[in-house]
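Structure first, then comments.
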Amino acid sequence: MDCIFCKIIAGEIPGDIVYQDEEVIAFRDINPQASTHLIIIPKKHIPSLADLSEADSPLIGHMVTVANQLARKEGIAEKGYRLTINCGEQGGQLVPHLHMHLLGGRRLTGKLG
Ligand code: AMP
Ligand code: ZN
């Protein structure tokens, strides 16, 4: 499949991987917007948030749990951080493989869109 994030999962292109388990993988964003900018993705190819089914609820819950653990590990948990999922063209999604952005390490703007 011609999906850049699936290629990182498969080890076909390099990624700065900081965490992985059976269901998810997390790596550093190639174009970081803050000192901590991680991408957390399911290993299963799900194109976007809009493609999640109810059966995926445990998976998305697990992704949030992993994000929180990584925020603690990165040392940004106390001061605060942001988890973002962009969905679709107008939501600003560029890579069509569901992903969460974990951002922190500076005061983020209040701007949401
Ligand atoms: P989005 O706009 O929500 O689809 O975000 C896609 C994110 O993936 C952007 O922040 C990119 O910098 C990041 N990205 C794209 N290609 C790579 C890559 N090969 N390794 C790490 N991050 C990437
Ligand atoms: Zn994919």
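Throughout, residue positions are numbered sequentially from 1 according to the sequence presented. First listed ligand is number 1; within each ligand, the first listed atom is number 1.
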| query | At a 4.0 Å threshold, what atoms of ligand 1 neighbour a non-hydrogen atom of Arg28? | reply | 21 (C)
| request: Distance to 0.1 Å, residue and atom name: give those for the protein heavy atom nearest to atom 4 (O) of ligand 1. | output: Leu94 N, 2.6 Å
| So, is Val95 polar-close to ligand 1, with some N/O to N/O distance under 3.5 Å? | yes
| said: Tell me whether Gln93 has any N or O atom under 3.5 angstrom from an N or O of ligand 1. | reply: no
| query | Nearest protein heavy-atom contact for atom 7 (C) of ligand 1: which residue, which atom, what distance? | reply | Asp29 OD2, 3.5 Å
| field | Side-chain (His101) to main-chain (Gln33) donor-acceptor, under 3.5 angstrom | value | no
| Is the count of non-hydrogen atoms from other residues, nucleotides or ligands lying under 6.0 Å from Glu78 atom CD greater than 12? | no
| task | Measure from the side-chain N and O atoms of Asp21 to the backbone N and O of Val24, and report whether any donor-acceptor pair falls under 3.5 Å. | result | yes
| query | For Gly92, is the nearest heavy atom under 4.0 Å from an atom of ligand 1? | reply | yes
| field | Side-chain heavy atoms of Ile60 within contact of Leu98, under 4.5 Å | value | yes
| task | Indicate yes or no: at least one non-hydrogen side-chain atom of Met100 is less than 4.5 angstrom from one of Val64. | result | yes
| said: Taking 4.0 angstrom as the limit and counting only heavy atoms of Ile8, give me the atoms of ligand 1 inside it, by number and element. | reply: 18 (C), 19 (N), 20 (N)
| request: To the nearest 0.5 Å, tell me how far Ile9 CD1 sits from Lys44 NZ. | output: 12.0 Å
| request: Around atom 6 (C) of ligand 1, find the nearest protein heavy atom and jot down its residue, atom name and distance. | output: His99 NE2, 3.5 Å
| query | Gln93 side chain to Val95 main-chain N or O, any donor-acceptor pair under 3.5 Å? | reply | yes
| query | Which is the closest N/O/S atom of His45 when seen from the Zn ion (ligand 2)? | reply | ND1
| field | Hydrophobic cluster membership, Ile85 vs Ile8, 4.5 Å side-chain cutoff | value | no
| message | From the N, O or S atoms in His97, identify the one nearest to the Zn ion (ligand 2). | response | ND1
| task | Distance to 0.1 Å, residue and atom name: give those for the protein heavy atom nearest to atom 8 (O) of ligand 1. | result | Phe5 CZ, 3.5 Å
| Closer than 4.0 angstrom: is that true for some heavy atom of Gln33 and an atom of ligand 1? | no
| field | Side chain His62, main chain Pro58, donor-acceptor under 3.5 Å | value | no
| field | Which of the ligand 1 atoms, numbered from 1, are nearer than 4.0 Å to a heavy atom of His101 | value | 1 (P), 3 (O), 5 (O), 7 (C), 10 (O)
| said: Does only the side chain of Asp16 get under 4.0 Å from ligand 1, or the backbone, or both, or neither? Count heavy atoms. | reply: neither
| Aromatic plane relationship, Phe27 with Phe5 - under 30° parallel, 30 to 60° tilted, over 60° perpendicular | perpendicular
| query | Any idea which protein heavy atom is nearest atom 22 (N) of ligand 1, and the distance to it? | reply | Ile30 N, 3.2 Å
| query | Between the side chains of Thr65 and Asn68, is a donor N or O closer than 3.5 angstrom to an acceptor N or O? | reply | no
| task | Using non-hydrogen atoms of the residue, decide whether Ile85 is closer than 4.0 angstrom to ligand 1. | result | no
| Numbered atoms and elements of ligand 1 in range of Asn31, under 4.0 angstrom, heavy atoms | 12 (O)
